[in-house]
2 protein chains.
Amino acid sequence: MPALSIGQVAESSGVKVPTIRYYERIGLLAAPARSASNRREYTPDAVQRLRFIRHARELGFDIEAIRTLIEMQHHPTQSCEQADEIASAQLAAVEDRIERLTALKGELERMLTCCRHERVRNCRVIETLADHDKCLHETH
Amino acid sequence: MPALSIGQVAESSGVKVPTIRYYERIGLLAAPARSASNRREYTPDAVQRLRFIRHARELGFDIEAIRTLIEMQHHPTQSCEQADEIASAQLAAVEDRIERLTALKGELERMLTCCRHERVRNCRVIETLADHDKCLHETH
DNA sequence: TCCATATTCTATAGTCACTATAGATATAGG
DNA sequence: CCTATATCTATAGTGACTATAGAATATGGA
């Protein structure tokens, strides 16, 4: 069973080579064995680990949260309450961002429909930015 | 008419003191006059400028876009086509982010409703992260 | 007037999660 | 054997700030 090179692991996990080295440096991914010429030699479970990390990153979890989730994976009989909390916090953060972005979207749309594409002097985009009171933007 | 201190400008613009100095350093805000003891002495228009920047930042415009918008403000007779383009690009980016965040929200919700708050061994949150195929997540 | 507190100044480093670069070495394919 | 590719390390850069350290100045009360 031949060991996997960092390039192969990158290929099958979808995580870029420099990012894999970065994860190793910050202790998110265990350092693998090395070949005689000092190259990293991975076992297939590194691919699983990296997929886990990648998926969590795509979902917007930060590195510290992922570190905790990985730590939990190593203790399968513990309560998963903490994983639940992390995911719930993430969901709340995502909902908050959606709400704020939706408000921004509205404001940008109003800006754009009011600008009659003339001169900067009369440009609603510039005007709205210059005077917050002119817009209906209501975030907190 | 007394000049405004950086603290007063920060107070009335809503931009923090270190951030104002940062904007000056990167050339987004003109360096004001200095007092005999080397303190910044602002005129009231600095407050307007900073409000413009703050509002644009709240709308998610990046510094380079803001730089262009400010540059345009200095040429009021030019066409505002570029401002329009910048705002349109921003709108598109915001719409894209909303779409992706909405997908993530769905996935997080599914994760959470499936987890029966038991042991890590059976935790859907951990499971879903470990195996992308188990989720219906469809971004790009 | 003195003193304590608050404000300001500069320069530098830290944040997050990478990404890019430079320069050296090693391997694989033709 | 030669060349192109892959790997290695260390370091610096990204964006938009934020934090820190250490010095100088200003403000307000006893």
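In what follows, every chain begins at residue 1, and chains take the letters A, B, ... in the order their sequences are listed.
For the pair A:Leu29 CG and C:dC18 P, the computed distance is 13 Å after rounding to whole Å. Separating the NZ atom of B:Lys16 from the P atom of C:dT7 is a distance of 16 Å, rounded to the nearest angstrom. The CD1 atom of A:Ile20 sits 12 Å away from the P atom of C:dT19 (whole-angstrom rounding). In this entry the distance linking CD1 of B:Ile6 with C1' of D:dA26 reads 15 Å, nearest Å. Between the CD atom of B:Glu58 and the P atom of D:dC17 there is a distance of 11 Å, given to the nearest Å. Following rounding to the nearest Å, A:Ile63 (CD1) and C:dT19 (P) show an atom-to-atom distance of 11 Å. When the P atom of D:dC8 is taken as reference, atom OH of A:Tyr42 falls 7 Å away, rounded to whole Å. At whole-Å resolution of the value, CG in A:Asn38 and C1' in C:dG23 are 16 Å apart.
Remark: A:Arg25 is not in phosphate contact with C:dA17, judged by side-chain N or O atoms under 4.0 Å from OP1 or OP2. For the pair A:Ser5 and D:dA6, the criterion of a side-chain N or O lying under 4.0 Å from OP1 or OP2 is not met. Applying the 4.0 Å criterion to OP1 and OP2 of D:dC8, one finds that A:Ser37 has every side-chain N and O outside that range. The phosphate of C:dA26 has neither OP1 nor OP2 within less than 4.0 Å of any side-chain N or O from A:Arg40.
Closest approach of B:Glu41 and B:Pro32 over heavy atoms only: O-CB, 3.5 Å.
Each of D:dC8, D:dA26, C:dT8 was ranked by its minimum atom distance to the side chain of B:Val17; first place goes to C:dT8. Listed nucleotides: C:dA17, D:dT25, D:dT9. Nearest to the side chain of A:Arg34: D:dT9.
Atom CD of B:Gln48 is surrounded by more than 12 heavy atoms from other residues, nucleotides or ligands within 6.0 Å.
B:Glu24 has no carboxylate O lying under 4.0 Å from a charged side-chain N of B:Arg21, or vice versa, which leaves the two without a salt bridge. Of the charged side-chain nitrogens involved, none lies within less than 4.0 Å of a carboxylate oxygen, so that A:Arg67 and A:Glu71 do not count as a salt-bridged pair.
Along DNA chain C, the nucleotide closest to B:Arg39 and the one closest to A:Pro18 are compared, and the more 5′ of them pairs with B:Arg39. In this structure, B:Gly7 and A:Ala36 both approach DNA chain C, and ranking their closest nucleotides by distance from the 5' end singles out B:Gly7.
The only option from B:Leu69, B:Ile70, B:Ile20 that meets the side-chain contact (heavy atoms from CB on, under 4.5 Å) definition with B:Ile53 turns out to be B:Ile70.
Contact annotation for B:Tyr23: backbone-only contact, meaning every heavy-atom pair under 4.0 Å involves sugar-phosphate atoms and none involves a base.
No N or O donor and acceptor, one from the side chain of B:Arg21 and one from the base of C:dT10, sit under 3.5 Å apart.
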